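The basis for the numbers below is simple: all heavy atoms, side chains too, and nothing from hydrogens, waters or symmetry mates. Here is the naming used below: chain letters follow the sequence lines, and residue numbers restart at 1 for every chain. A quick note: this is a predicted structure, and the numbers were derived from the prediction, not measured.
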Number of protein chains: 2
Amino acid sequence: MSIKCRFCPIRNLPLFQPLTDAELGFMEDFKVGEMTVQPDTPILSSGAASPQLFTALKGFGLRYRLLSDGRRQVLSFVFPGDLIGLQAGVMNQMTHNVESTTAMTLCVFNRNELWTLFRNQPQRAYDLTWIAASEERFLGEALTAIGQKSALESVCWALARIYRRLEALHMDERKSVPLPYRQQDLADSLGLSLVHTNKTLAKLRSRQIASWSDGRLQVNDIQALEEMGLVDAIEPHNRPLM
Amino acid sequence: MSIKCRFCPIRNLPLFQPLTDAELGFMEDFKVGEMTVQPDTPILSSGAASPQLFTALKGFGLRYRLLSDGRRQVLSFVFPGDLIGLQAGVMNQMTHNVESTTAMTLCVFNRNELWTLFRNQPQRAYDLTWIAASEERFLGEALTAIGQKSALESVCWALARIYRRLEALHMDERKSVPLPYRQQDLADSLGLSLVHTNKTLAKLRSRQIASWSDGRLQVNDIQALEEMGLVDAIEPHNRPLM
DNA sequence: TTATCGTATGTCACAGTTTAATGCGCCTCC
DNA sequence: GGAGGCGCATTAAACTGTGACATACGATAA
């Protein structure tokens, strides 16, 4: 049984912009259901024109592209509140894949209603464009990390960004956040080998800056981590939730 | 004196979707002017909240991010028809820079009218979201190239994509297209050193697949280039023009 | 109990970087 | 008109950050 949007468990976090009653009403019509998936479930596949978009309510996933020989580039990690499938929704063609890493709960929206949303809810349409621009900005940051930063700088950048995102979701607890991914996933997001990623994480652990084990990331000094990762100061900013 | 949108020199290319009379009328109101810039002129700067968005009508530029120590990541190359500044327009904050490489002519749009566009022109709002999703998709491709491909594969990918984009703009002539950038620009877009980029281009020249000199790129065998660059087959698809 | 998966570590190889030098074309100044 | 400087492309040699390979260990599932 679907949760009504007004009872959404995450929408009242300060991270997310509030919605008007009219917007809430529209979203409740736009939402066609809820879906729970097990770990390692494909959610969207490259080449497929999916009829649905999703918002992640609970759980973790990732977006990735594959080369013909099996090499995998992880584009980003999916956390609660993230919209999934906008590219397919708007362009009618996916070029990347999305899959769950843990069990996930997803709100399901019907792509056929997207045009209705653009016609009747300009603020929500603006929010969708904002989300697309935000994802573009993140990919620009990732491109800069992979293209210009050393392995240590890149790993620090990635862990700092992950920590801050989960902190904004109030998932932090005593300077640690859940991080249920494998080291290969982080390696594939930064264009590094698994072995080198492991060694770089060991270096951070030995310097007591950050340690990742048993599905949790402990960050002792987020400022140091951000400085080592050359993370740009980003103004705190709330974001739309679909 | 500004060109009226209905007399836009590039809008009738098959690459671009046609506009209705109402949309044309709206765009002519949305457009506040035209701007010509000299080579090496900053158009948008990181951190600045620009009051304007632009469409490139003529000329070439690039988008890039800088690290604090001066390292530069070129995010993408700007060609005619490209929208500039959507991120700033929607998110009210740029995190990258845009600058001209050659003299450019730009259509200028007023950011204050963006909300009017969303309220009154849902099809144009949809087009903006499409453009944002398209740029996100391109950055995903670039991330995959830099993160997973060898230097030779990356250079082939980049040159093949550049050739196809300019071909779609009907700027090709006897298997060559204009490419008025420096080798350092290509190197900074692929996260490679200048020397290694030069050697890789020499390898392509010696194999008679592609050669880049005197501001032009000659591609003798685009299929071979695409294959070496592991370029995904992309369905021909026209795109909106702002 | 055995097999599999993920993490950890040591060693060696190499793709790409860094440094330095050269050549060419263009532009400015005398 | 010629000299000098600058920017860009090219190349060689030395260097290194990262990849490849191999092995071991602990946890978990069959």
Could you list by number each residue of residues 224-231 of chain A showing a heavy-atom separation from DNA chain D of less than 4.0 Å, or answer none if no residue does? none
Can you list, pair by pair, the side-chain donor-acceptor contacts under 3.5 Å of residues 199-208 of chain B, counting residues two or more places apart and other chains?
residue, atom, partner, partner atom, Å
Thr200(B), OG1, His196(B), O, 2.7
Ser206(B), OG, Lys203(B), O, 3.0

Generate the contact string for nucleotides 18-30 of chain D. Rules: B means base contact, S means sugar-phosphate contact only, - means no protein heavy atom under 4.0 Å. BSBB---------
Five pairs per end, C1' atoms only: what is the angle between the end axes of the helix from dT1(C)-dA30(D) to dC30(C)-dG1(D), to 10 degrees? 30°
Arg11(B): partners by salt bridge (Lys or Arg N to Asp or Glu O under 4.0 Å), with sequence neighbours left out: none
Among residues at least two apart in sequence or on other chains, which ones pass salt bridge (Lys or Arg N to Asp or Glu O under 4.0 Å) with Glu141(A)? Arg161(A)
Can you tell me how far apart CG (Asp82(A)) and CD (Glu135(A)) are? Round to the nearest 0.5 Å. 7.0 Å
How would you list, by chain and number, every residue that makes a salt bridge (Lys or Arg N to Asp or Glu O under 4.0 Å) with Lys149(B), sequence neighbours excluded? none
If you restrict it to nitrogen or oxygen atoms, what contacts under 3.5 Å exist between nucleotides 23-25 of chain C and the protein, and what is each distance?
none

Looking at Phe138(B), Tyr163(B), Phe60(B), which hits ring-ring contact (aromatic ring centres under 6.0 Å, His included) with Phe79(B)? Phe60(B)
Whether Asn198(A) contacts dA8(C) is assessed here as follows: a side-chain N or O lying under 4.0 Å from the phosphate OP1 or OP2. Is that the case? yes
Taking the minimum atom-to-atom distance to the side chain of Arg182(A), which one of dC8(D), dT10(D), dT7(C) wins? dT7(C)
With sequence neighbours excluded, tell me which residues meet salt bridge (Lys or Arg N to Asp or Glu O under 4.0 Å) with Glu227(A). none
Residue list, side-chain contact (heavy atoms from CB on, under 4.5 Å) with Ile146(A), at least two apart or on another chain: Gln73(A), Leu143(B), Ile146(B)
Round to a whole Å and report the spacing from CG of Asp40(A) to P of dC5(C). 12 Å
In residues 61-68 of chain B, what donor-acceptor pairs under 3.5 Å come from side-chain atoms, sequence neighbours left out?
residue, atom, partner, partner atom, Å
Arg63(B), NH1, Ser76(B), OG, 2.8
Arg63(B), NH2, Leu83(B), O, 2.8
Tyr64(B), OH, Glu99(B), OE1, 3.4
Arg65(B), NH1, Thr95(B), OG1, 3.3
Arg65(B), NH2, Asp232(A), OD2, 3.4

Sequence-distant partners of Phe54(A), ring-ring contact (aromatic ring centres under 6.0 Å, His included), two or more places apart: none
CE of Met94(B) to CD of Gln87(B), rounded to nearest 0.5 Å, is 6.5 Å
Starting at NZ of Lys203(B) and ending at C1' of dT10(D), how long is that distance when rounded to a whole Å? 16 Å
Consider side chain to side chain contact (heavy atoms under 4.5 Å, CB included). Of Asn238(A), Leu169(A), Leu241(A), which one does Leu13(A) pass it with? Leu169(A)
How far apart are the closest heavy atoms of Ile43(B) and Ser100(B), and which atoms are they? CD1-N, 4.0 Å
Rounded to whole Å, CG of Leu179(A) lies from P of dT7(C) at a distance of 11 Å
Round to the nearest Å and state the distance from Trp212(A) atom CH2 to dA8(C) atom C1'. 14 Å
Measure from CD on Gln148(B) to C1' on dA15(C) and round the result to the nearest Å. 15 Å
Looking at Gln184(B), I'd like to know whether one of its side-chain N or O atoms comes within less than 4.0 Å of OP1 or OP2 on dA9(D). no
Distance check needed: dC8(D) P versus Tyr181(B) OH, whole Å only. 15 Å
Give me the ring orientation class for Tyr181(A) and Phe77(A): parallel if the planes are under 30° apart, tilted from 30 to 60°, perpendicular past 60°. tilted
